[in-house]
Amino acid sequence: MTAVEWFVRDLQKRGVEWVATLCGHGLDPFDQACRKHGLRLVDVRNEQSAGYMAEAHGRLTKRPGVVAVSSAVAHANAMTGVVDAFLDGAPMLLLTGAAALRTSGLGHFQDIDQVALAQSATRYARLMDRPDRTLQILDEAWRAASGVRPGPVHLTFPMDMQRTEVSDRRMLPATREPAAEAAAGVEWERAVAALGRAEQPLIVAGSGLYYGGEAEAVCAFAREFSVPLAVSIWDRGVVDEPLEAFVGVVGAATGGPVILPGADCVLMAGAEPDYRVGYLHTGAIRDDAEVVRIDRGWREFTEAYRKNGGKRHLSWLSEARRRRAVYQERVKRKGERQAGGALHALHVVRAVEKTLPDDGLLLLDGGSIGQWFHQLLPDRYPGHWLTCGRSGVVGWGLGGAMGARAAYPDRPLVLVSGDGAFTFTVAELECAARQGLGFVAIVADDEAWGITEQGHLQQFGEAITSKLGPIDFAGLAESLGARGVRATNDAELEQALRRGLADSGVTVIHARITGGNP
């Protein structure tokens, strides 16, 4: 077999069922090997979408999604998904083809150092320069993607290396699985003592809990000891079921209830001390607040805290919930004033809340519409709701929806997108419809880059480069093989959403909304 056939067969052994791709010269041997051995190729029209498909798969399943692209600019396009995965900590593999290794550096077609380009945004990046070590190199990359700190990895596979024949006897096996890395950041004794002293503690939960399998344990702790729990905005949700202790997100650009600044003990749980928590600097938190970090071992920590008396924080939780309720009511009133009887982001949030079942996949792509959803989240924030992630990127939604559908063929799936975000890769509607990757997309259309427009108006009194022109999204969807629907009021929106969820194809609901941020 050729080296690339070994590669494809090993992907299949690892449970890979499909690869997101855009064809190109550097991928010819890989494409042929996938076809020969029955590995599904899901094609797109832009490598960005392929990258987003793979990273969405990784974020939803916690298993590496695979994207394969040609070379050079194709590689750079796919890197958008890699960067998103890197900042989110999501496992994925970017495989990039290349012209022959023997002419590398001599100026052959699309001759650039793809490994160097990928290194700063991956956990592992390597040139496949030894066909007899194909399985070993793939194993190293796979373990790096799936480790204690998961993330994206990259392999450049030149075509002459792909086509090299390698016998069973010459192919080196994968290395033995090393011992599991010790969990980092465990401060149980200090955390137990700090919580014992605290009157107003807060758990800030982040993506690390989700990928580390700690979500259920941290929610159980918050429930048992009545400790308020918030999630850094754009991080992976960890509250799969209604939880009284859940007090929403922190770090939203549009503000939030005063909970983090009021805490006298902040437990950073799989969350990063970044801009969303004010870097934990003075002003973002109290000067006397104790900060401790527990990323893993929450079940063991719960037992240790319980043995130490297990102080509960009922009155503080009640106050934190009151603050959130007051803030949310203010947001709702603001939205109703903005709407003035017209269709508004509030109606989009309510329609999704009414129609999407508990196991439904919800994807959010867009600045302003994303803020409305996060400000008005109900009493849960499950791991099967997907946002842009820590990168804050927009335009990933269509690729993400295709990846989510390929990962979960039978679950209800709704993508809510702003009009600007939706047009990044709108031609992917054709690819989704043609390949049976159905979903419902609601386009919340305010003819603007809404969150930027509002910021410009506040700062400068005018919008600068943030206005957009009108698009008939329903008609555009029809031209690309999807079903297009227009909704002009909340009743039509809810009805269209229910019908779309009952249909197996791709449905695009054009919701022309009045603008404004929370």
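Side chains are part of it too, since the values below use all heavy atoms of this structure and drop only hydrogens, waters and symmetry mates.
Looking only at side-chain heavy atoms (C-beta outward), L497 and I509 come within less than 4.5 Å of each other. Between I203 and W298, some side-chain heavy-atom pair lies under the 4.5 Å cut-off. With a 4.5 Å cut-off on side-chain heavy atoms, F439 and V506 count as touching. Looking at heavy atoms from C-beta onward, L363 lies in side-chain contact with L413 at the 4.5 angstrom threshold. R324 is listed as a side-chain neighbour of L377, based on a closest heavy-atom distance under 4.5 Å. Contact annotation: the side chain of I233 never approaches that of V250 to less than 4.5 Å [non-hydrogen atoms, C-beta and beyond]. Within the 4.5 Å cutoff, the side chain of L362 has heavy atoms near those of the V352 side chain. Residues V331 and W372 have side chains in contact (heavy-atom distance under 4.5 Å, counting atoms from C-beta outward).
In this structure, S466 contributes its side chain and A463 its backbone to no donor-acceptor pair below 3.5 Å. One N or O on the side chain of Q328 and one on the backbone of Q375 form a donor-acceptor pair closer than 3.5 Å. Proximity of a side-chain donor or acceptor of H456 to a complementary backbone N or O of I464 within less than 3.5 Å is detected. Checked by atom type and distance alone, the side chain of Q459 pairs as donor or acceptor with a backbone atom of G455 at under 3.5 Å. Remark: side-chain polar atoms of H374 are paired, donor with acceptor, to backbone N or O of G370 under 3.5 angstrom. A donor-acceptor pair under 3.5 Å is absent between the side-chain atoms of S146 and the main chain of R143, judged by distance alone. Looking at D295, its side chain does come within 3.5 Å of a backbone N or O of G270 through a donor-acceptor pair. In this structure, R236 contributes its side chain and R59 its backbone to a donor-acceptor pair below 3.5 Å. Remark: the backbone N or O of G397 is paired with a side-chain donor or acceptor of D365 at under 3.5 angstrom. Remark: the backbone N or O of A72 is paired with a side-chain donor or acceptor of Q114 at under 3.5 angstrom.
Aromatic rings of Y408 and H384 (six-membered ring for Trp) have centroids beyond the 6.0 Å cut-off, not under it. Aromatic ring centroids of F30 and F157 lie 6.0 Å or more apart.
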Evaluate side chain to side chain contact (heavy atoms under 4.5 Å, CB included) for L493 paired with V348, printing each intermediate quantity in order.
CA-CA 8 Å; L493 176 60; V348 179; 4.0 Å; yes
Apply side-chain hydrogen bond (donor to acceptor under 3.5 Å, both in side chains) to residues E272 and S232 and explain how you reach the verdict.
CA-CA 8 Å; E272 295 300 320; S232 298; over 6 Å; no
Checking side chain to side chain contact (heavy atoms under 4.5 Å, CB included) for the pair V227/L317: CA distance, chi angles, key distance, verdict?
CA-CA 6 Å; V227 178; L317 175 58; over 6 Å; no
Audit row: T21, L95, side chain to side chain contact (heavy atoms under 4.5 Å, CB included) steps and yes/no:
CA-CA 10 Å; T21 190; L95 175 71; over 6 Å; no
Would you check, one step at a time, whether the test side-chain hydrogen bond (donor to acceptor under 3.5 Å, both in side chains) holds for S368 with N517?
CA-CA 6 Å; S368 184; N517 292 331; 2.8 Å; yes
Could you check M53 against H57 for side chain to side chain contact (heavy atoms under 4.5 Å, CB included), going step by step and ending with a plain yes or no?
CA-CA 6 Å; M53 281 187 68; H57 177 278; over 6 Å; no
Would you please test E214 and R296 for salt bridge (charged side-chain N to carboxylate O under 4.0 Å, His left out) and show each step?
CA-CA 7 Å; E214 297 280 339; R296 298 179 185 272; 5.4 Å; no
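Ion pairing between a basic and an acidic side chain is recognised when a charged N comes within 4.0 Å of a carboxylate O; R223 and E244 show no such pairing. Using a 4.0 Å cut-off between a side-chain N of Lys or Arg and a carboxylate O of Asp or Glu, E430 and R45 qualify as a salt bridge. Between D139 and R14 there is a salt bridge, with a side-chain nitrogen of the basic residue lying less than 4.0 Å from a carboxylate oxygen of the acidic one. Between R390 and D84 there is no salt bridge, since no side-chain nitrogen of the basic residue lies less than 4.0 Å from a carboxylate oxygen of the acidic one. Ion pair E453/K467 flagged as a salt bridge, since at least one NZ, NE, NH1 or NH2 atom sits closer than 4.0 Å to an Asp/Glu carboxylate oxygen. We find that D446 and R512 are not joined by a salt bridge, their nearest charged nitrogen and carboxylate oxygen being 4.0 Å or further apart.
Across A320 and P228, no two heavy atoms sit closer than the pair CB-CG, 4.0 Å. Smallest separation of non-hydrogen atoms from I442 and A511: CG2-CB, 4.3 Å. Heavy atoms only, all atoms of each residue included: L229 and A205 are closest at CD2-CB, 4.2 Å. The nearest pair of heavy atoms linking M92 to A54 is CE-CB, 3.8 Å.
Note: R486 CZ to E492 CD = 11.5 Å, rounded to the nearest 0.5 Å. To the nearest 0.5 Å, atom CH2 of residue W18 and atom CG of residue L39 are 10.5 Å apart. Of the inter-residue distances, the one linking F422 atom CZ with I369 atom CD1 reads 13.5 Å to the nearest 0.5 angstrom. Of the inter-residue distances, the one linking T387 atom OG1 with D235 atom CG reads 8.0 Å to the nearest 0.5 angstrom.
Listed by chain and residue number, nothing satisfies the salt bridge (charged side-chain N to carboxylate O under 4.0 Å, His left out) test with E216 (two or more places apart in sequence, or in another chain). Listed by chain and number, the residues in a salt bridge (charged side-chain N to carboxylate O under 4.0 Å, His left out) with D43 are R434 (sequence neighbours excluded).
The side chain to side chain donor-acceptor pair (under 3.5 Å) test with H344 singles out one residue from Q338, E336, R337, and that residue is Q338. A side chain to side chain donor-acceptor pair (under 3.5 Å) with D88 is found for one member of W234, Y210, Y211 and no other, namely Y211. T156 pairs with exactly one of L94, L117, V115 by the side chain to side chain contact (heavy atoms under 4.5 Å, CB included) rule, that one being V115.
Between the side chains of H75 and T96, at least one donor-acceptor pair of N or O atoms lies under 3.5 Å. Residues E494 and T355 have side chains that never bring a donor and an acceptor to within less than 3.5 angstrom of each other.
Within a 6.0 Å sphere centred on CZ of R411, heavy atoms belonging to other residues, nucleotides or ligands number more than 12. When the shell of 6.0 Å around CD of Q12 is examined, it contains more than 12 heavy atoms from other residues, nucleotides or ligands.
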